[in-house]
2 protein chains.
Amino acid sequence: MLHKHKHNQTCCPVHVTFPEQEPISAEKAAELEDLFKILANDTRLRLLHTLARVEEMCVCDIANAVDMTPQAISNQLQRLSDRGIVATRRSGNQIYYRVVDECVVGLLQKAMCLLDDSEKLAKV
Amino acid sequence: MLHKHKHNQTCCPVHVTFPEQEPISAEKAAELEDLFKILANDTRLRLLHTLARVEEMCVCDIANAVDMTPQAISNQLQRLSDRGIVATRRSGNQIYYRVVDECVVGLLQKAMCLLDDSEKLAKV
DNA sequence: CAACTATTACACAAATCAGTTTAATAGTGT
DNA sequence: ACACTATTAAACTGATTTGTGTAATAGTTG
């Protein structure tokens, strides 16, 4: 039952080790917590995934895309903007959001891939 | 100011796109949220990082390593165990924890790498 | 300026969460 | 059986978070 790794996965490494001997610093752990926290919300994840597939999109269009109110969307876009993950551009009445931190999207992509892997494993 | 990507980073892809045209499903977003949530806590991150560097470790040793009470540690280890990220083995009085989900550790490693990248960028 | 649209700001209520405290459980040694 | 250690369970508190409702702001159009 412990033979979890079939070596036919697309994301998971066979074995991960941390080369450094030192434990992670409390400061770095806090930074990591912040990073994961911003991704630990299904609304923000859907916003990010939506924005990652287009050049830019205005709030009401995003709200329609995820079927939520513009207020709720604006709340979360603000948080993504505060972290520098997305940025805005005003054009008339609309405010257009776009992804500027590709790294975070890369992390999201990796996480989605991991989930797919475990689903595959679960089906065996 | 928008030229963020210097192409000398170690983790961040230059540009990430999601090949699929469909938006992420609410169900998958919820799964992702759960995955990131478990990582969105500095205590759990320190536990994971500690465990990823050894074969296995008992609760009191982990508690010492991160300088917290065994009760607090046990709380979080339980949550990691519930998700199948770590597993336990009893030996006498001690209960030894070990990492069994290397994928999650891989995600942690990638996140740490991203943070290092942004620090490097910030210093420029 | 007035009416309208798009977005954000703010206060709020419900839910979730982390660490503490206290108590219970499991195993060891005498 | 008893004392002891290691770990977990359960209840509790304070803090954080999310979407909602309402109001405010910015821009457009007539």
Side-chain angles (χ1 to χ4, degrees), chain A residues 24 26-27 29-51 54 56-98, chain B residues 24 26-27 29-51 54 56-98:
Chain A
I24 193 174
E27 184 192 7
E31 285 176 32
L32 276 171
E33 174 180 338
D34 285 344
L35 174 58
F36 282 122
K37 229 175 210 167
I38 201 76
L39 291 170
N41 172 269
D42 64 335
T43 297
R44 283 191 296 273
L45 288 171
R46 289 163 70 208
L47 296 184
L48 263 183
H49 187 262
T50 300
L51 283 176
V54 297
E56 60 178 9
M57 206 184 287
C58 71
V59 177
C60 61
D61 285 347
I62 304 175
N64 281 335
V66 301
D67 196 28
M68 291 181 66
T69 69
Q71 293 100 314
I73 295 303
S74 181
N75 281 346
Q76 302 309 329
L77 285 172
Q78 202 84 32
R79 299 201 49 184
L80 291 173
S81 176
D82 287 345
R83 304 276 176 177
I85 298 174
V86 302
T88 62
R89 172 182 77 88
R90 165 156 242 150
S91 170
N93 271 346
Q94 283 91 354
I95 293 188
Y96 288 88
Y97 279 81
R98 65 180 183 279
Chain B
I24 194 173
E27 184 192 8
E31 285 176 32
L32 276 171
E33 174 180 340
D34 286 344
L35 174 58
F36 283 122
K37 232 176 208 167
I38 200 75
L39 291 170
N41 172 268
D42 63 335
T43 297
R44 284 193 294 273
L45 288 170
R46 288 163 70 208
L47 297 183
L48 264 182
H49 187 262
T50 301
L51 284 175
V54 297
E56 59 178 10
M57 205 183 285
C58 72
V59 177
C60 62
D61 285 348
I62 304 176
N64 280 334
V66 301
D67 196 29
M68 291 181 66
T69 70
Q71 291 102 314
I73 294 303
S74 181
N75 281 346
Q76 303 307 329
L77 285 171
Q78 202 83 32
R79 298 199 51 184
L80 292 173
S81 175
D82 288 345
R83 304 274 175 175
I85 298 174
V86 302
T88 62
R89 172 182 76 88
R90 165 155 242 149
S91 171
N93 270 347
Q94 284 90 355
I95 294 187
Y96 288 88
Y97 279 81
R98 67 181 182 281

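Here is the naming used below: chain letters follow the sequence lines, and residue numbers restart at 1 for every chain. Atom set for the values below is all heavy atoms of this structure, side chains included, hydrogens, waters and symmetry mates excluded.
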**OP:** Of all the heavy-atom pairs spanning A:D61 and A:M57, show the shortest one and how long it is.
**Re:** CB-CG, 3.7 Å

Original post:
Which pairs count as side chain to side chain donor-acceptor pair (under 3.5 Å) when at least one residue sits in residues 86-95 of chain A, sequence neighbours excluded?
Top reply: A:E56-A:R89

**OP:** Name the residue closer to the 5' end of DNA chain C, choosing between B:G92 and B:A40 according to the nucleotide with the nearest heavy atom.
**Re:** B:A40

Subject >> Under-4.0 Å side-chain N/O to phosphate OP1/OP2 contact, B:T43 with C:dA18 >> reply: no

Original post:
Is any side-chain nitrogen or oxygen of B:N75 closer than 4.0 Å to OP1 or OP2 of D:dT8?
Top reply: no

Original post:
Are there more than 12 heavy atoms of other residues, nucleotides or ligands under 6.0 Å from atom CG of A:D82?
Top reply: yes

Rounded to whole Å, please give me the gap between [atom1] in [X] and [atom2] in [N].
| X | N | atom1 | atom2 | result |
| --- | --- | --- | --- | --- |
| A:I73 | D:dG19 | CD1 | P | 8 Å |
| B:I62 | D:dT7 | CD1 | P | 8 Å |
| B:Q76 | C:dT20 | CD | P | 11 Å |
| B:N41 | D:dA15 | CG | C1' | 13 Å |

Original post:
Heavy-atom distance under 4.5 Å between the side chains of B:L51 and B:L77, does that happen here?
Top reply: yes

**OP:** Please step through side-chain contact (heavy atoms from CB on, under 4.5 Å) for the pair B:L39 and A:L39, ending with a clear verdict.
**Re:** CA-CA 10 Å; B:L39 291 170; A:L39 291 170; over 6 Å; no

Subject >> By salt bridge (charged side-chain N to carboxylate O under 4.0 Å, His left out) - contacts of B:E31 (at least two apart) >> reply: none

Subject >> Options D:dT20, C:dT8, D:dA9, nucleotide nearest the side-chain atoms of B:Q78 >> reply: D:dA9

Taking only N/O atoms, report every protein-nucleotides 1-7 of chain C pair under 3.5 Å with atom names and distance.
from	atom 1	to	atom 2	distance (Å)
C:dT5	O2	A:N93	ND2	3.1
C:dT7	OP1	A:V59	N	3.1
C:dT7	OP1	A:I95	N	3.2
C:dT7	OP2	A:C60	N	2.7

